Student: 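Okay, here's the structure, questions in a sec.
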Amino acid sequence: MDILDRLNPRQHQAVTASDGPVLVLAGPGSGKTRVLTHRVAYLVTHHDVYPWRIMAVTFTNKAAREMRERLVDLLGASRAGELTLGTFHATCARILRREAPHVGISRDYVIFDTSDQLNVVKKAVRELNLDEKKYRPRAILNAISRAKNELIGPLEYKPESYYEEVVRRVYERYQAILHTNNAFDFDDLLMSVTRLFDDHPDILEKYQEKYRYVLVDEFQDTNMAQYVLVLQLTARWRNLFCVADEDQSIYRWRGADYRNISRLRDDFENLTQIVLEQNYRSTQTILDTGRAIIRHNRNRVDKSLFTERGQGAKIVTYEAFDENDEAQYVIDQIMGLQARGAARYGDCAVMYRTNAQSRAFEDAFIRAGLPYKLVGATRFYARREVKDILAYLRLIHNPTDSVSLARVINTPTRGIGQKTLGQLERVADKRGVPAWDILRELDRSGRDASPFGTRARKALGTFAMMMKGWLALTDHSSVVQLMDAVLEQSEYRSYILDGTEEGQERWDNLMELRGVAAEYEDMTLTEFLADVALVSDVDNLSDDVNAPTLLTLHAAKGLEFPVVFITGLEEGILPHQRSFDDPEEMAEERRLMYVGVTRAKDLLYLIRAFRRTSRGQSDVSDPSRFLDDVPKELLKGRPGVSGRRVTQSDASRWRSSLSPRREPKRESRQPQFRAGQRVHHPQFGEGIVVESKLQRDDEQVTVVFEELGIKRLLASFAKLKPLKDQ
DNA sequence: CTAGTCAGGCTTTTT
DNA sequence: GCCTGACTAG
């Protein structure tokens, strides 16, 4: 059977489009990845292109794996295994390892993740005697990262304010620290490769010759560095094939720029552009909902998505009282669906804007005795215990890595505190050698000129001995054996297993890490560390457990579920507070909402909470503006009305949990109504006021009606009558 | 040097 | 509400 037989005519056309540059613009669920993989297979089977001449890049390991699986299907394992397929970062990491001598870094460099980076920035800030309060390392790191994504090195960085001048100085220092530690950060991986290609045309040519065909998935998520990389690689053969959906661009904050799509049109004048509008995932109701939300964004090609799947079920909205009620409602619905046979637990996904929102859901799931799959949150590789052990391994791999040394030299505590560590670093600095060189010679040299007291000297010597033992193991031991040795001899095991439940959990995480190491039996330490730095939690999402998935909207991209709950639809959450004063960011929030909506195949729930506790503060919230965009005829029942009857006890529960009413700001008028007051409405019947606030020249009253649930009313309109108190 | 307490700030989102 | 950094007693 021909590989193209499984495609529809539009997709077929996209796949077989000209040899030159091709851009496929397509909505969600249109088979973008399928088109991309078929394009690869088409080149191999119909054009006799050698698979190893093809580079296909994506953004997540998960997407890469999915692509690989499809290609194994289409081409067979051996041919599929030949092509270069992976994330931008992993691909660059490999190129850098191969070309290390030309980059001026050793082949066994390490990759620093976000928390390592932050440590480096802090170190740089301290070295420059700057005030950490005023120059917050987080903010400086963001600025550095932004510069790197724009391919601006510390020397090209042109400060336009005093603050930026500080950034420039930290940036310079930051790069120097990375360099002495033989380390790259994520952004360096990309920037260094573009630099390498710029400085060494012969090397660029080598890769241009090797990769005659370049394919990019999720092209709208490329940043400047990635875009330049694509331009460099395709400059000679111009065989570029991209798939993109500008409406799903949700990574602006990490430098992604969907305008790269229009840059592509300018840079490749003979670009073939193909639009795919058929959706194979969702019902028409869901697609219409998505469109109603996304159409408000400017500067986009309006795609009218259609499906042959029919109208489908209406969108369900629910207004919960607070985040706990929200979670309980979701659980009730999921259990109901499973009980009715309408959906299995595993078909359901609960999505939210921020990781912090997962807590209420986790609590409720645990209470209900329902298993769940959690994506993200405290990411596995960011956990303290995992980072500690990886730092040990990194230090063994590269003893000059001072960041890892600082992390583990006193973990678990072994009497080497701030002071001793500071002394060690100073001695090393003065002699211009890595701290490890001082440590290594310490026990041998007896009474040298080093400033350590006997106690500190002994502690340092013990640590050095331990390190030497591990270093001797590296030649003939596997990663697992090394890890076991570290866990035992460093006494990390007894340190973490303190008898508490949390300790056991941490130990279990370490055993999981050990399991990962065991999987790659003949992998060297170098390879293991490189791999570990570039994977993320979403990549390891297993779908063999029948349990609902909890995940952020960002993590949901590229996935699909029969039943989707989008939660926290409140102003300040989705859209997020931080987007209020920037139209570009607000547009991105909208796209994020759009991504969430279009993950659903059959059933979509849009949920909000009336009150939400965040940062220990409970506050009333307004419904998300995105809710207003959904056409009423697509909604099940009346919008904004609770799906269940509100009882008297609910009302008093709600009322009693309200914080003391705040005084209306800068308003001299007094509200007519106040929380807890019983009122009567000609149509809605009797209810209890939950909140009342003055609004311009009117008063907005929030009332819980016995029959209808929560309503927001304007006092002037809604002929509300106060009832006699008790 | 460690381990404890306390105040302050803060989180969008991730390769 | 939770983490980090500063401070203090042993």
Side-chain angles (χ1 to χ4, degrees), chain A residues 57-64 86-93 111-115 117-119 122 126 132-133 136-139 142 145 148-149 184-190 218 221-223 225-226 249-256 323 351-360 363 375-379 381-382 384 410-423 452-453 455-456 458-459 531-539 551-557 568 572-580 582 585-586 588-589 591-593 595-596 612-618:
Chain A
V57 268
T58 66
F59 284 83
T60 63
N61 292 297
K62 183 181 179 298
T87 62
F88 270 100
H89 287 90
T91 308
C92 287
I111 298 166
F112 276 5
D113 70 13
T114 315
S115 68
Q117 293 182 64
L118 212 53
N119 286 334
K122 281 180 189 162
R126 270 177 220 144
E132 268 181 76
K133 293 263 153 57
R136 302 236 317 288
R138 250 251 110 72
N142 278 338
S145 178
K148 286 188 177 183
N149 283 328
F184 279 136
D185 65 19
F186 286 125
D187 306 314
D188 280 332
L189 295 175
L190 305 170
E218 308 273 20
D221 287 333
T222 49
N223 62 27
Q226 288 155 338
S249 165
I250 55 174
Y251 287 109
R252 202 176 90 96
W253 49 273
R254 103 185 165 195
E323 65 273 13
M351 300 176 189
Y352 34 79
R353 175 66 236 265
T354 66
N355 276 311
Q357 289 166 255
S358 73
R359 171 171 286 272
D363 287 351
V375 181
T378 323
R379 307 156 58 70
Y381 289 100
R384 200 185 70 205
N410 200 31
T411 326
T413 51
R414 46 176 76 92
I416 305 169
Q418 279 305 307
K419 216 171 159 188
T420 311
L421 182 60
Q423 281 173 332
F452 309 112
R455 215 165 137 165
K458 206 174 151 213
D531 258 37
V532 146
L534 293 168
V535 298
S536 73
D537 267 12
V538 204
D539 308 329
L551 74 181
T552 63
L553 287 160
H554 281 89
K557 196 163 89 155
I573 303 272
L574 181 61
H576 196 271
Q577 190 102 31
R578 300 269 282 241
S579 65
F580 283 169
D582 181 351
E585 284 197 31
M586 183 54 79
E588 180 138 320
E589 295 292 305
R591 292 193 290 268
L592 200 48
M593 173 76 186
V595 166
R612 185 172 294 276
T613 308
S614 59
R615 283 202 234 134
Q617 269 268 352
S618 177

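Order of the sequence lines sets the chain letters (A, B, ...), proteins ahead of strands, with each chain counted from 1. No experiment lies behind these values; they were computed from the predicted model shown. All values below come from the heavy atoms of this structure, side chains included, with hydrogens, waters and symmetry mates left out.
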Student: With nearest nucleotides of DNA chain B determined for A:Ala456 and A:Phe88 from heavy-atom distances, which residue corresponds to the more 5′ nucleotide?
Tutor: A:Ala456
Student: In whole Å, what is the span from the CZ atom of A:Arg414 to the C1' atom of B:dT2?
Tutor: 15 Å
Student: Tell me whether A:Trp253 and B:dT13 count as stacked here, given that the ring centres must be under 5.5 Å apart and the planes must differ by less than 30 degrees.
Tutor: yes
Student: Taking the side chain as C-beta and beyond, is there a heavy-atom pair between A:Glu218 and A:Tyr251 under 4.5 Å?
Tutor: no
Student: What nucleic acid atoms does A:Lys122 come within less than 4.0 Å of, heavy atoms only: base, sugar-phosphate, or nothing?
Tutor: sugar-phosphate
Student: So, is A:Thr552 close to the B:dT14 phosphate, meaning a side-chain N or O under 4.0 Å from OP1 or OP2?
Tutor: yes
Student: Any idea which heavy atoms bring A:Arg612 and A:Gly568 closest together, and the distance?
Tutor: NH2-CA, 3.3 Å
Student: Which is true for A:Phe186 with a 4.0 Å heavy-atom rule: it touches a base, it touches only sugar-phosphate, or it touches nothing?
Tutor: base
Student: Any donor and acceptor pair, going by atom type alone, linking the side chain of A:Asp188 with main-chain N or O of A:Asp185 inside 3.5 Å?
Tutor: yes
Student: Roughly how many Å is it from CG in A:Leu574 to C1' in B:dT11, rounded to a whole number?
Tutor: 16 Å
Student: Taking CG from A:Asn223 and P from B:dT13, how many angstroms apart are they, rounded to a whole number?
Tutor: 20 Å
Student: Do A:Phe112 and A:Asn119 come close enough that some side-chain heavy atom pair is under 4.5 Å?
Tutor: no
Student: Whether A:Arg136 contacts B:dT11 is assessed here as follows: a side-chain N or O lying under 4.0 Å from the phosphate OP1 or OP2. Is that the case?
Tutor: yes
Student: If you only use heavy atoms from C-beta on, which nucleotide in B:dT11, B:dT15, B:dC1 is closest to the side chain of A:Lys419?
Tutor: B:dC1
Student: Within the structure, does a side-chain N or O atom of A:Asn355 lie under 4.0 Å from either OP1 or OP2 of B:dT14?
Tutor: yes
Student: How long is the line joining NZ of A:Lys148 and C1' of B:dT14, in whole Å?
Tutor: 16 Å
Student: Just to be sure I understand the rule, does A:Glu585 reach a base, reach only the sugar-phosphate, or reach nothing, if contact means heavy atoms closer than 4.0 Å?
Tutor: base
Student: What integer distance in Å separates A:His554:NE2 from B:dT11:C1'?
Tutor: 13 Å
Student: Any sub-3.5 Å donor-acceptor pair from A:Asn149's side-chain atoms to A:Arg254's backbone N or O?
Tutor: yes
Student: With a 4.0 Å cut-off on heavy atoms, is A:Thr613 in touch with a base, just the backbone sugar-phosphate, or nothing at all?
Tutor: nothing
Student: Just call it for A:Arg252: base, sugar-phosphate, or nothing, with non-hydrogen atoms closer than 4.0 Å on any strand.
Tutor: nothing
Student: C1' atom, C:dT4 versus B:dT13: distance in rounded Å?
Tutor: 22 Å
Student: Nearest whole angstrom, please: distance from the P of B:dT11 to the OH of A:Tyr352.
Tutor: 19 Å
Student: Mind checking if A:Asn410 touches a base, just sugar-phosphate, or nothing, with heavy atoms under 4.0 Å?
Tutor: sugar-phosphate
Student: Angle between ring planes, A:Phe88 versus A:Phe59, binned at 30° and 60°: parallel, tilted or perpendicular?
Tutor: tilted
Student: Can you tell me the distance, in whole Å, between the CG atom of A:Asp363 and the P atom of C:dG1?
Tutor: 12 Å
Student: Write down the distance between CD (A:Gln423) and C1' (B:dC1), rounded to a whole number of angstrom.
Tutor: 13 Å
Student: Looking at the side chain of A:His89, which of B:dT15, B:dC1, B:dA3 is the nearest nucleotide?
Tutor: B:dT15
